[in-house]
Amino acid sequence: DYLDNGNNKMAIQQADKLLKKHKDLHCAKVLKAIGLQRTGKQDEAYALAQEVAALEPTDDNSLQALTILYREMHRPELVTKLYEAAVKKVPNSEEYHSHLFMAYARVGEYKKMQQAGMALYKIVPKNPYYFWSVMSLIMQSISAQDENLSKTMFLPLAERMVEKMVKEDKIEAEAEVELYYMILERLEKYKEALDVVRGKLGEKLTSELQSRENKCMAMYKKLCRWPECNALSRRLLLKNSDDWQFYITYFDSMFQLIDESWTPPPEEEHSLEGEVHYSIEQAVKFIEERITEESKSSRPLRGPYLAKLELIRRLRYRGCNDEYKLGDPEELMFQYFKKFGDKPCCFTDLKVFVDLLPSSQYTKFISQLLEVIPLSAPAESEIALPADIKALQQHLCVVQLSRLLGIYHTMDKKQKLTVVRELMLRYHHGLEFGKSCLKTELQFSDYYCLLAVHLLLDLWLEGEETAVWQCLTVLEEGLSHSPSNAQFKLLLIRIYCRLGAFEPVAELYSSLDAKHIQHDTIGYLLTRYAESLGHYAAASQSCNFALRFFHSNQKDTSEYIIQAYKYGAFEKIPEFIAFRNRLNSSLHFAQVRTERMLLDLLLEANISTSLEESIKSMSLSPEDDDIPWKDLRDNRDLTVLFSWDPKDRDISEEHRKLSLEEETMWLRIRSLTLRLVSGLPTLSHAIQPKNSEKTAENGVSSKIDTIRSLLQQLEAAVDSGKKFLEQKIQYPVLGPPPTRMAGFFSNGSCQCQTSLFYLVSDIYELDTNGLEDSAEIQERIGNSLKSLVERLTDLFNKCKGDLIEVRDGTLKTHPNLLENLVFFVETISIALWVSSYCDSVLRPFKSNLQKKKKKKKESSVAMPPVFTHFMDYVTELQTLTSNVIDHIKGLEIILTALKLEEVSLKDTLLLQ
Amino acid sequence: ATALMLCVFTVMGKAEGSVAREEWHGHVTALSVAPEFRRLGLAAKLMELLEEISEKKGGFFVDLFVRVSNQVAVNMYKQLGYSVYRTVLEYYSASNGEPDEDAYDMRKALSRDTEKKSIIPLPHPVRPEDIE
C-alpha cells in the first residue's frame, strides 16, 4: 500500500518490521527492494533482489514483485531467469509458463518463445499457446539475417505446424487463419494463400472490412492474375462506387489485359471472380454507368466523376485524345466544381487533374468557376462577397486553384498587394460565419488568411522587406481568432525562425501539443533553430522531448507486442517491430542524440564538472559510433506546412533527397566532432595509473590513432559537405530548412575546429618526443597557436553588427550574426578543452625543467619556445573571451532597450 | 490520385464485455476526420462499418464516449441513432488548470438486443471508477 501511494520510506520501514518477525519472508524483502529502488538506492535494491532470486522463489507474490522491480530497473532479462527457475520447480504451472513466455517476448528471445509456447501447449492444449509458438517461428524468420534460412527452415516449419492443425480440423480463431495467410505470403506461396482465403477457413476473416476481398486482391496482384483483379474490382465498385482504390486496380488490370491482348476463354466464366473488362470501350461504358447510378444515390459520391477524369488522364498518357468521347476535362472539372465546390476537399480532388488543362486556358477556367459562385456585392464594398458558408467554400476553392495554376505568381508587386488586401477583406468578412465556433474549431475563412500570407511571403522573397512583418501581424491576428489553427502556428514558427527570433517559437510549438511520433516527424522545426539561435535551454528541452519519446518507444513496443500475443493480433506484431526499427534508425533521433551531447558538454564540461567526468557520464568513447549510417531513415514530415504552389515551385522528390543528403553530411561532421572531443581526456597521461606503464602506453597510442583517423574522416566529411554546398540548392521556403553547415564553413568555425584537433595531434607528438629534438614540432605548434588566435578573432568579427537594422524605414534582421556567435562560443569551448590538454602536457615539462634549473644552479637552461607561444596564446584567448562577453552584454542592452520601447508603445496605445 | 484518401480518418474500435450478461459490444475508441474531408459523410460511413463488424461479431450494442461540450459530435451521433445512456462525471481530465469535463456514454442497440435493453438510460450519473 505504501508503495502504491508513493511513500517509499514508510514501505521500507514496514518491510523491515516484517523481516524482523519473519526472517525469510521473500516477498517482504522484494517489497523493500522496490522501496529502495524508488528512493534511488539502486545498488542496495539490486543486491537484495538477487538475494531473493538466488533462492529461486516459487510463490506468486515474490515473483510478481520481482517482475515489477526488474522492470523498473530496466533489466527485463532477469525476469526470464526468474521464471526459468520457477517452471523448473513447478513444471506444471500454466501461469508460470505463460509468464515465462511473456518475459521472453519482452526481450525478443524468439527461439525460447517457440519452446515455451510448445511447453505450455503440452501442459494445457489450448490453441492460442500452439499458435504463440508458430508466431515465434515467424519472428525468428523475420529476425534471421540469412533469408535462405528463414525460407527453408523457419517458415516451412511454421507452415507444417499450421497444416497439422488444419488437417486435424482444430483451427478455431480468426487470428489463426491470419497467421496461416501470413506464413504462406512470406513463403511466396500466393496460390496456396489464395486458396486459404477463398476456402472454408477464409470465412473466419470478419474483424476487418473486406478482409477476404483485400487479401484475395493482394494475391491476384502478386500472381499477376489480371482477369481476377479486374473482375473483383469491378464487383466491389458495383457495391460501392466511392472506393477509390478499386478504380485504380480496375484501370491497372484493364490496361494490363489490353497490353497482353487478353481474350476471355470461350464458353466459360471469364475468371474466378466473374466478368472481366478488357477493352477501353467497356471501361468507358462502366464508368458512365457508375455516374448514372450516382445520380440516383441519396448522397453525392465523388468517386465516379473522379474516376472519369482518371481514365482520361490515363488515356492521354497512352497517347489517346478524345477518341472515346469522354468529354473535355476542362468542362468536366467545371461540372465537378459545380457539384462539389462547396466541400473543403474539392481543391485536393481537382489538384491531381490540373495537368489536363492547357496553360493557355488557366485564366479562362478560373473566371468560369468564379461566375457560378453566388456572390453578392454590397453597396459599400468594391468586391462581391459570399452570403453563406457554401459560397465561401466555393470561392476559397477557386482562390486555391488560382495559386496552384500560378496565376498569382505572374503578377507584379502592385497586383499582388491588391490581392492580399482582397483576401484579407474576405477573411474578415468570413469570420462572421464562424462566430459560434468553439475555440477548438477552425474558422471557415482561415485559408484566406493563410493564402494572403503566402502571397506576402512571395513578396518578401522577392526582396520586399516590409512584407515579412506584415506576415507576422496577419498570422498573429489569425491565430487570435482561431487559436487551434496549427497551420498558423507552423507558419509563424517558420517565419520567426527565419528572422532569427526564437523567443516566441517555443511557446507556439508547445501549443501545437506535439505527441508521440510527431516528436520524430515535426521535431526538426524546433531543433534546427533552437540552438543555432542561441536558446540553449530551449534547445536542450527540445532534444529531451524527442529523446524521451525515442527511448520509451523501445519499452512501449515490447508491451504492444505482448498485448498482440494475448489478443491474437499476430499480423500486427511484424508491424510493431518494423515501427520500432524505423524509429531506431530515425535521422532525427541520431541528430538529437548527437546535438544533445554536444550541448551538454558545451553547457557543463569544465564548468560544473570536468570534461572527463562529463564524457564518462555520457558513456562516450571516440571509438564508438552508434549511428546506423546505412539505414538512416528520414521520418521528417516535410509537407507539414500547407502549400498551394504549382509543381515547379513546390517541394519535390529531388528536394527531399538533397535535404536528407545534406542532413546526413552535417550529422557526420557533428558526430565526428563529438567523438573527437570525447577522445581528448583519453590522451592525458594524468589519468593513467603509473604502475602499469607498459599497457597504458599502448592504450594511449591506440587512442591517438583513433583520434587521427577520426580527424581524417572529419576532413573527408567537410570536403564532401563543401562539394554539396557548391550546388547552391534552394529549398522552397515552406520545405526543409537548410542545415547549419553553410554557416559553419563560411564563418570559419569549421577551420578553427579542425585546426584545434590537429593541434591536439601535434601536442601529443611533443608529449611522446619530449622537449629535446622537437624544434620542428614546437615551431609547428607555435604557428598553429598564432593562426588560431587570428582565426578566432576573425570569427568573432563576423559576430559583430546590428541584429536588427533599420534602413530606409524598413527593418531587416541579421540572424546569421547570432548563428555565428553560437558557433564562436562552441569553437572557443573546444579551444579551451584543447588548451587544458596542452596545459596538462606542458606543465610537467615545465616543472621538470625548473627542477633541473634549481639543481644545476645555472641560468643557461633556456625555456623552449613552445612555452612562450602557449602563454601568448592563452593571454590572447583571455582578451578575446572578455571582448565577446562585452559584446553579448551589449546585445542584452539593445534588447532591453527594445523591450522598453515596446512598453512605451503599449502605453501610448493605451493612452490613445 | 491514389494517396488522396489515405490517413484522412481513423476509427479505432474494439469488442469488449461479457456475453452472458449481454454486455458484449463494439466500442468506438476514437473517431476523427481531417478538416479537409469533412462534410462528406465519412464519419457516418465509418460508424456504419463498425456497426456492421459488431453485428457480425454478435455484439449487443455499440457504445462510445464523447465530451458533453462537443455538441457537433453529440448531434451527429444522435442522427446516427445513438442515445445518451448515462453521464460519466469528470471523465476527461483537463490539462491547463481547467475543470475536468463530463462525458456522455452513448449507445446504439444492435439486432441481437431485440428488446433494446442495453440502451435504457440510467437515472443517475456515474463516476469514472464505477464503469468497467
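Quick note on labels: first sequence line is chain A, next is B, and so on, each numbered from 1. All heavy atoms count here, side chains included; hydrogens, waters and symmetry mates do not.
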(Q) Can you tell me if A/Lys339 has over 12 outside heavy atoms packed within less than 6.0 Å of its NZ? (A) yes
**Q.** Most contacts with chain B, counted as non-hydrogen pairs under 4.5 angstrom, among A/Ser207, A/Pro300, A/Cys346
**A.** A/Ser207
Q: Without swapping roles, check the side chain of A/Lys343 against the backbone of B/Arg38 for a donor-acceptor pair under 3.5 Å.
A: no
Q) So which heavy atom on A/Leu438 is nearest to which on B/Ser69, and how close? A) CD1-O, 4.0 Å
Q) What do the steps show when you test B/Ile53 against A/Thr206 for side-chain contact (heavy atoms from CB on, under 4.5 Å), and what is the final call? A) CA-CA 7 Å; B/Ile53 292 176; A/Thr206 53; over 6 Å; no
Q. So what's closer than 4.5 Å to chain B heavy atoms on A/Leu209: side chain, backbone, both or neither?
A. both
**Q.** Under 4.5 Å from any heavy atom of chain A - which part of B/Gln71
**A.** neither
Q | Atom group of A/Gln210 that falls short of 4.5 Å from chain B, counting heavy atoms | A | neither
Q | B/Leu40 side chain reached by A/Arg302 side chain, heavy atoms, under 4.5 Å | A | yes
Q. Hey, what do you get for CG (A/Asp342) to CZ (B/Arg39), rounding to the nearest 0.5 Å?
A. 8.5 Å
